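Okay, so here's the structure we're looking at.
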2 protein chains.
Amino acid sequence: MNDNRADSVKNKQSKIYLDIVEELRLMIQADGLLPGDKIPSERELSERLQVGRSSVREALRSLELLGLIETRRGEGTFIKVFQEHRLVELLGAFFLLDENSRNNLSETKILLEQACLQGVVNKAAQADIEDMIQWAKTQDFDDEAFFQRVFQINPNHLLERIWIVVNSYEKSAGGPNRKAPKQLYVELLHALMHKDSDEIDRIYSKGIRLSDKS
Amino acid sequence: MNDNRADSVKNKQSKIYLDIVEELRLMIQADGLLPGDKIPSERELSERLQVGRSSVREALRSLELLGLIETRRGEGTFIKVFQEHRLVELLGAFFLLDENSRNNLSETKILLEQACLQGVVNKAAQADIEDMIQWAKTQDFDDEAFFQRVFQINPNHLLERIWIVVNSYEKSAGGPNRKAPKQLYVELLHALMHKDSDEIDRIYSKGIRLSDKS
DNA sequence: AGAGAAAATGTGGTCAGACCACTTTACTGC
DNA sequence: GCAGTAAAGTGGTCTGACCACATTTTCTCT
């Protein structure tokens, strides 16, 4: 058996499908593939990586359940825009989080949101904030939708992605359903526009986060 | 959603492996299985659900990647403690193929560290801090090892997990090699013990994070 | 030549069976 | 009783075969 896979040489330590997940990650990274792009077919991957098609499928199905890729019968497999997937809800359905984890989730989420708000103050485009004020005035939204947008206008999208995960987890764990008066959100946006950090912190901590105590 | 295929009568609407995931969920719930418990073997599931073993494996491998189950060759498949999930790690690995996110690594890391320090002030056991002071005085360590320990004594281990990912990726992305005089770290620990938030922030931001500018 | 139909091709979806590697259990001979 | 070995059970992987669906190519009839 000449397992000539440049990097992992006969690495029986880990399971093949995990290797493939990693290979795919590298491949996507190397080729600069973006959401919507097509990745090689199962058969081609199987041949290229010198593994059975079933192993390739185990890897792809895993990534699909994770929401990272999407497969369309007869067409192919495509990279998916990462968004909130029902998967995380599934997690909640599987196992309940213990009290401690739940608190961690809540705390971490708040922390990310506070950091995001500061980030917006320091680095977001003023125009984005103004747009969001218009949006807030005309649209209906809940707490989640609000912060989703706030994270979008923060240039640090890594933070956004972490928040998405944590937020999903918290929801699936049956976290508190936060919802403050719309007015507060609008005030928060104005404070953001005026770069009034203290006011932002006050509205967020004392106002929006008031109702639920963790 | 008309996701009603429990009966599975020629219902080609959804993929088999997703059905199996759902079946497993119900099975676990019905039998009241807990972490550590063993679930039926692949072959038994295959027969019981009247599906191919490869489909069963696709489902199991997906759940395994999610960290919901654990498989041990020759033994079987077991339900895993939810705490050990690695969703954050996984998603993190794929997030970072996004070029833009890479630039946010340093910023996010600092943010996590600051948050961790505040968390230690508010919630860590005093004894842990004292232990760490002893450790710091007698051992040799670098910046990474120091914060690794700080995160460990912070009760919020979710934060730790996130940091681990961000940190490792920053390293692999060739981030700055931070290293402050040992004395500063010791001072930081003392400030932690005295719960002097301002001092902590000062030492961290102006001292330890002095050299590198982001 | 053009439009529509039919066939070929490509791709994911699923299954069955065959081995392998490893662990647990049962059995056997002393 | 005990050690050593055989058998059974279980996950890990591969191969090959179909099916279902979508796209592309080819063919046929006007």
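Residue numbers begin at 1 in each chain, while the letters A, B, ... track the order of the sequences. As a basis for the values below, the full set of heavy atoms in this structure was taken, side chains included, without hydrogen atoms, waters or symmetry mates. All values reported here derive from a predicted model rather than from experimental measurement.
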Which whole-number value in Å describes the distance from [X] [atom1] to [N] [atom2]?
X	N	atom1	atom2	value
B:Leu18	C:dG12	CG	P	16 Å
B:Leu45	D:dG12	CG	P	13 Å
B:Glu47	D:dG9	CD	C1'	14 Å
B:Lys38	C:dT25	NZ	P	10 Å
A:Arg72	C:dG10	CZ	C1'	15 Å
A:Tyr17	D:dG11	OH	C1'	12 Å
B:Ile69	D:dG11	CD1	P	10 Å
B:Leu60	D:dG12	CG	C1'	12 Å

Self-check item: B:Glu58 vs A:Gly76, nearer the 5' end of DNA chain C by closest nucleotide
Solution: A:Gly76

Exercise. Count the heavy atoms belonging to other residues, nucleotides or ligands that lie under 6.0 Å from CD of B:Glu47, then report whether that count exceeds 12.
Key: no

Practice problem: Please confirm whether A:Arg149 makes a cation-pi placement over A:Phe141, using NZ or CZ under 6.0 Å from the six-membered ring centre and within 45° of the ring normal. | Solution: no

Exercise. Report the C-alpha separation of A:Gln114 and A:Tyr204 in whole Å, then their side-chain angles, then the decisive distance to 0.1 Å, and conclude whether the side-chain hydrogen bond (donor to acceptor under 3.5 Å, both in side chains) test is met.
Key: CA-CA 8 Å; A:Gln114 288 174 324; A:Tyr204 179 79; 5.7 Å; no

For [X] and [Y], indicate whether the former's side chain and the latter's backbone hold a donor-acceptor pair under 3.5 Å.
X	Y	value
B:Asn154	B:Cys116	yes
B:Thr138	B:Gln134	yes
B:Asn122	B:Gln118	yes

Quiz item: What string of B, S and - do you get for nucleotides 15-22 of chain C, 5' to 3', when a contact is any protein heavy atom under 4.0 Å?
Solution: B--BB-BB

Exercise. Before giving the answer on side-chain hydrogen bond (donor to acceptor under 3.5 Å, both in side chains), spell out for B:Thr77 and B:Glu42 the whole-Å C-alpha distance, their side-chain angles and the decisive distance to 0.1 Å.
Key: CA-CA 8 Å; B:Thr77 304; B:Glu42 298 180 351; 5.1 Å; no

Quiz item: What nucleotide among C:dG12, D:dT10, D:dT13 has an atom nearest to a side-chain atom of B:Arg57?
Solution: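 Between C:dG12, D:dT10, D:dT13, the one nearest the side chain of B:Arg57 would be D:dT13.
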
Practice problem: Kindly point out which of C:dT14, D:dG11, C:dG13 is positioned nearest to the side chain of A:Arg61? | Solution: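 Nearest to the side chain of A:Arg61 among the choices is C:dG13.
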
Quiz prompt | B:Thr71 vs D:dT10: side-chain N/O to OP1/OP2 distance below 4.0 Å | solution =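 No, no such contact exists.
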
